[in-house]
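One structure is given here, and the rest of the page talks about it.
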Amino acid sequence: MQQQTPAKKKKVKVPRVVGGVETMVEIEVDDEGGPEWGPNDKHTLLNHRLTRVDAPVKVSGAALYTHDRRLPGMLYGRVVRSPHAHARVLRVDASAARRIPGVRAVVGATDEEVVEGSNKAAGEAAKKNRTEAGGAEAAAGGKVVLFAGQPVAAVAADTPEVAEDAVRAIRVEYEVLPHVVRAEDSMKEGAPKVTPDPNEQNVEEREKRGDAAKTEAAFAQCDVIVEAEYRTPILHHSCLETHGNVVEYRGGDAATVYASTQGTFTIPSDAAQELGLKESAVTAIVEHMGGGFGSKFGIGIEGMLACQLSKQAKAPVHLMLTRKDEFLLAGNRSGSWQKFKAGATRDGRLVALRATQYRLGGLGRGSQAGQPYIYTAANFYREVFSVHTHEDASRAMRAPGHPQANFAMESLMDELAYKLGIDPLEFRKKNLKDTAYHRQLDRGAREIGWERRNRTPGGGAGALKRGMGCAVGTWGGGGNNQCKVDVTVARDGSVTVAVGSQDLGTGTRTLTRAIVAEELGLGINEVAERIGDSRLGNANSSGGSTTSASLSPSVKDAATNARLAVAAKVAPLLGGAKPEEVKFAAGQVSAGGKTLAWKQACAALPSAGITAHGEWKSNLQASGVHGACFAEVEVDTETGHVRAVKMVQVQDVGLPLNRLAVESQINGGMIQSLGMVLYEGRVMDAQLGLQLNPGFGDYKLPGSLEIPELVPLIDDEDKREAVIGVGEAAIIPSVGALANAVFNACGVRVRELPITPDKILMGLTKGGQTA
Amino acid sequence: MADERDEGRRKKNLPHDPSRRRFLKGVGVAGAGAALAEHLLLKSEAEPTASALADASTRPVEGALNLALDVNGQRRSVSVEPRTTLLGALRHNLDPPLTGPKLVCDMGTCGACTVLMDGKPVYSCLVLAVDAAGKRLTTVEGLGSPENLSGVQKAFVEHDGLMCGFCTPGFVTTVSAYLKKNPNPTLAEVREACKGNFCRCGTYPRVFEAALAASKKT
Ligand code: FES
Ligand code: FES
């Protein structure tokens, strides 16, 4: 295993952006003498196919999620939502609700507290801004709701049924104000102002970058020019476990919050503030978690309300959002509207690109990667704006801003390639400097049989037409110094690794255990993990695909320290070997020709066992991943129906900690892209300002009948001996690949997602192009 | 709006109230009648007489009803309201509760709440608790325990047929019931069997693999 190296300096490869391209460069760094992973193909557990350690409890219904918590005397909470997109709340009358037997608490109704947006930070900012603006709204007689679905009150009752009755019994009087829920309307002169913040206009400039004049001039050198607008709608995370918490506060000076969250450590401070307790007096528990995808950080408006209810009732409150709540007030992925003019030369060089990018994040700012995304354009100029509407604020969603940017840029690249008559794959390679993409594109092309693609888009006989498309994507996935891990080895040989991190379904429990088991030469089931508890060592939130890269180095460090500590105690039994010489493998501890079984060795430990601590080591992780996707689809030109046939995605991840879990993540990314490209999208009624499809009956998620053959490929040519997160990278390239496959199949370029049959049919009648 | 019951704007108990729960209440009364006839209703405000039943079919029943549910081979008594769904009864009213079946949409669109009723998969959020009295109910907990997993559950573990796992009890239950009916399915048949279940994490390909692997072992 690892040896301490006496050298003071060592050379490591790190990703660096050189000329807009990420490449690996060798640099010299201080040798901390800490652990290293060693070659990726030399592991005994890591980089293997490990089944999830929490799978048995999950497949048998024994896993306790936040939604499943039941506590003595627990009440069920529900929220009352505004039915108007923009309105002043004149009066909230909860008297009838309070008279219903079993109703224990009502909050928000008579409070001065204003609830603004589902995003706590946004809410507080709005609150502050309004106060600073002289309390105009408050003086006008009440709080203002800014989107349909915004909570105006909440109730807690003995049963969910009674809580629902109470919600119905609360009468709210509103003065309806003018609203705007479409970007085009919001941008118009005289449009209703979206937020009360005097400093925040409906259209806000975010970025201007590049050289406008040079770009404009460069169009003259281009052989082909494409001008196009691409749009993507607001999407919903649709976590199967809705947002929510079980707040256990029975009076006194301490509380426990069971939370469905991506950030165990984001909960105590938020909850403490609502409950009027010290942060250290609040414990957060996240034992199992039913999906987050970027939408679950902090306690949220639903958590604030649960705290207030629990405080009022002095009883635990279970407040999990309903599915409709989830659609209306639990955040979303911002929509996008991107306008391009782009030009290329006959030899396949992207010479000029001008982009106007609108992020459509409702009350939020939205996100969108800057164009030309990962391509290199000799000349570019972009302007980026947020356009506000009376809709719930956008939140992070799996690779924020990237799928939107990918769809637009990869569609544009395809349009240019076809116009030039160049193979879209070759055109991409000419404009991608990083050779990792070239390697991945070639591999994906071989795997799907790129030569089988439709030579003429829409060509071929028959109504069913097949086609292929490809695209690439990138993400960071590096970690940072936030995780504190303890590994304890008891005298009976049992091993526990403890850290307050959370497992969203990404396999955190499994990788945590596997790292320790491998280091100690044990089987994965001989190590137990304790996670999801704020009383354990600090850990980062699971956002930005940072969990694995932040957590694994600390776990590795703790495991290494534990190994050395055990070795020091056992060495005397092994002929006085040096601790570093003691080998741990296959359940045995050996040195100097002597071997002890693990349990025999541990009998030499002090009665309290040993506990070793681990800290983050930057050399054990890296940042920067590449992915390429190829998709094959079949379009029924009579019905406009698109069926995905096959998808191949090649993804590098440095050291894949668990191949099975990485592949599942890549599958999951492809499937979520499939939803984005073909099925999903929030639909608003502009007149009423209401969402028309706030449920799975009308918001279509990919289901079992729509899943194509999926081929997730880990790019083992990436030799980095470092952990990099993959969750977000996995959703990006498949978006462009699918959209491009549709064009290759039927010759219709749909520039607005989702690609529904009506758009295909419209395009076919127009002879190929849709707006 | 697709879902009136959430809007909080309708007065309860108006004769014209078309909300779904109210509608279900009516259905539930007929179901309660069936349960009464089978002497499975332990105690009720309504006496199990013919006139009460006839009356009940036109008048909503409210308040607590005590029933016996036959769940995972055990007779469990539970107090519910006429409108309480089977899913609600299992998750909230039973003590200790059965939280394997998940509450995800509460309106029959996702399959996470799937349980077996007399061996057939049903969305337990669309079945009233009173209608489940007298039926043989199996939840995912009844198919196997972490220490003693069923063949289907083992296959889900081995083929990584889960990520966050919130949809998993529904898939495990659906697949288990289907393999009983068709022990040797094709991939297309497995897809068809799973079409009433959603997974947001995207485990479908591995759910299919698990189902096919489990079928080969049975
Ligand atoms: S909770 Fe029953 S189908 Fe979704
Ligand atoms: S595993 Fe998360 S929803 Fe299916």
Side-chain angles (χ1 to χ4, degrees), chain A residues 51-52 54-65 67-68 70 76 80-81 83 159-161 164-165 167-170 238-242 288-291 293 322-324 504-507 660-661 664 667-672 690 693-698 701-705 707 710, chain B residues 1-3 5-12 21 81 83-84 88 91-92 96-107 109-110 112 139-141 143-146 149 153 156-158 160 162-169 172 191-192 194-195 197-206 208:
Chain A
T51 61
R52 280 163 213 263
D54 47 354
V57 291
K58 286 182 172 176
V59 299
S60 57
L64 275 191
Y65 294 78
H67 216 314
D68 303 330
R70 300 293 175 265
Y76 290 89
V80 180
R81 301 182 310 255
T159 67
E161 288 87 356
E164 195 174 296
D165 290 345
V167 166
R168 283 205 193 97
I170 290 177
S238 307
C239 320
L240 284 208
E241 182 177 37
T242 53
H288 295 287
M289 205 276 207
F293 311 113
T322 65
R323 182 53 50 186
K324 188 169 179 181
L504 319 185
T506 48
L660 198 56
S664 285
N667 279 343
M670 287 193 271
I671 291 171
Q672 289 188 349
L690 304 178
N693 58 345
F696 292 148
D698 302 300
L701 297 179
S704 66
L705 297 180
I707 306 303
L710 296 176
Chain B
M1 284 289 150
D3 183 9
R5 78 199 150 99
D6 272 355
E7 276 310 293
R9 281 177 297 181
R10 297 190 180 275
K11 277 224 185 84
K12 200 169 155 272
R21 286 288 194 239
E81 286 191 56
R83 61 177 161 169
T84 305
R91 290 181 55 85
H92 306 131
L98 283 167
T99 55
K102 299 294 181 233
L103 194 162
V104 167
C105 71
D106 209 18
M107 57 194 308
T109 55
C110 78
T139 69
V140 69
E141 290 97 330
L143 298 172
S145 62
L149 297 174
Q153 288 169 329
F156 270 72
V157 175
E158 278 158 25
D160 210 34
L162 69 154
M163 284 192 255
C164 80
F166 213 70
C167 67
T168 311
V172 166
R191 284 172 179 270
E192 186 69 24
C194 293
K195 72 179 177 190
N197 295 67
F198 277 132
C199 171
R200 185 48 153 171
C201 297
T203 57
Y204 297 104
R206 287 177 162 177
F208 304 156

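All figures in this text were calculated on a predicted structure; none of them were measured in a lab. Below, each value reflects all heavy atoms present in this structure, side chains not excepted, and no hydrogens, waters or symmetry copies. Numbers restart at 1 for each chain; the letters A, B, ... are given by sequence-line order, proteins then strands.
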Handout entry: Engaged part of B:V172 at the chain A interface, taking heavy atoms whose separation is under 4.5 Å
Key = side chain
Exercise for the section: For the pair B:Y204 (side chain) and A:I671 (backbone), establish whether a donor and an acceptor sit closer than 3.5 Å, ignoring hydrogens and angles. Expected result: no
Completion exercise
Among A:G668, A:S704, A:P56, the residue with the most heavy-atom pairs under 4.5 Å to chain B is A:S704
Practice task
Flag the one option from A:G669, A:P702, A:G291 with the top tally of heavy-atom pairs under 4.5 Å to chain B.
Solution key: A:P702
Completion exercise
One option among B:C199, B:P96, B:P146 has the most heavy-atom pairs under 4.5 Å with chain A, and it is B:P146
Practice task
Keeping the roles fixed (side chain from A:R52, backbone from B:L162), state whether a donor-acceptor pair exists under 3.5 Å.
Solution key: yes
Problem - Shortest non-hydrogen contact from A:S60 toward B:G144 - result: CB-O, 3.4 Å
Exercise for the section: Mind checking the CG-OG1 spacing from B:D106 to A:T322? Nearest 0.5 Å is all I need. Expected result: 8.5 Å
Practice task
Search all heavy atoms of B:F198 against all heavy atoms of A:L701 and return the closest pair with its distance.
Solution key: CE2-O, 3.3 Å
Problem - Per-residue contact mode, A:V80 against chain B (heavy atom under 4.5 angstrom) - result: neither
Problem - Check: A:R70 side chain, B:R91 main-chain N or O, donor-acceptor pair, under 3.5 Å - result: yes
Practice task
Give the member of B:A112, B:P97, B:C110 that has the highest number of heavy-atom pairs under 4.5 Å with chain A.
Solution key: B:P97
Fill in the blank from the handout: Looking only at A:M289, A:E241, A:Q672, the option with the highest number of non-hydrogen pairs under 4.5 Å against chain B is A:E241
Handout entry: Top contributor to chain B interface from A:G507, A:G61, A:C239 [non-hydrogen pairs under 4.5 Å]
Key = A:G61
Practice task
Could you tell me whether the side chain of A:K58 and the main chain of B:M163 form a donor-acceptor pair under 3.5 Å?
Solution key: yes
Practice task
Please determine, among A:G695, A:G697, A:P160, the option with the most heavy-atom pairs under 4.5 Å with chain B.
Solution key: A:P160
Practice task
Please round to the nearest 0.5 Å and tell me the distance separating atom OG of A:S238 and atom CZ of B:R200.
Solution key: 4.5 Å
Exercise for the section: Below 4.5 Å from any heavy atom of chain A, which atoms of B:R206 appear? Answer side chain, backbone, both or neither. Expected result: side chain
Handout entry: Rounded distance (nearest 0.5 Å) linking atom CD of A:E161 with atom CZ of B:R83
Key = 5.5 Å
Handout entry: Engaged part of B:T84 at the chain A interface, taking heavy atoms whose separation is under 4.5 Å
Key = both
Exercise for the section: Provide the closest heavy-atom pair for B:C105 versus A:F696 in the form atom of the first, atom of the second, distance. Expected result: CB-CD1, 4.1 Å
Problem - Among A:N693, A:T506, A:L710, A:L240, residue most engaged with chain B (heavy-atom pairs, under 4.5 Å) - result: A:L240
Handout entry: Atom group of B:L143 that falls short of 4.5 Å from chain A, counting heavy atoms
Key = neither
Practice task
Indicate yes or no for a side-chain donor-acceptor contact from B:E141 to the backbone of A:A62 under 3.5 Å, with no hydrogens or angles considered.
Solution key: no
Completion exercise
Per-residue tally against chain A (heavy atom, under 4.5 Å) across B:T168, B:V140, B:T109, B:D160 peaks at B:D160
Fill in the blank from the handout: Okay, B:K195 and chain A: the region with an atom under 4.5 Å from a heavy atom over there is both
Problem - Distance (rounded to the nearest 0.5 Å) between B:C201 SG and A:L504 CG - result: 9.0 Å
Practice task
Any chance you could measure A:T242, atom OG1, to B:K102, atom NZ, to the nearest 0.5 Å?
Solution key: 12.0 Å
Problem - Most chain A-contacting option - heavy-atom pairs closer than 4.5 Å, from B:C164, B:C194, B:P169 - result: B:C164
Handout entry: Proximal component of B:L103, with respect to chain A [non-hydrogen, under 4.5 Å]
Key = both
Problem - Residue list, ring pair (Phe, Tyr, Trp, His ring centres under 6.0 Å) with B:F156, at least two apart or on another chain - result: none
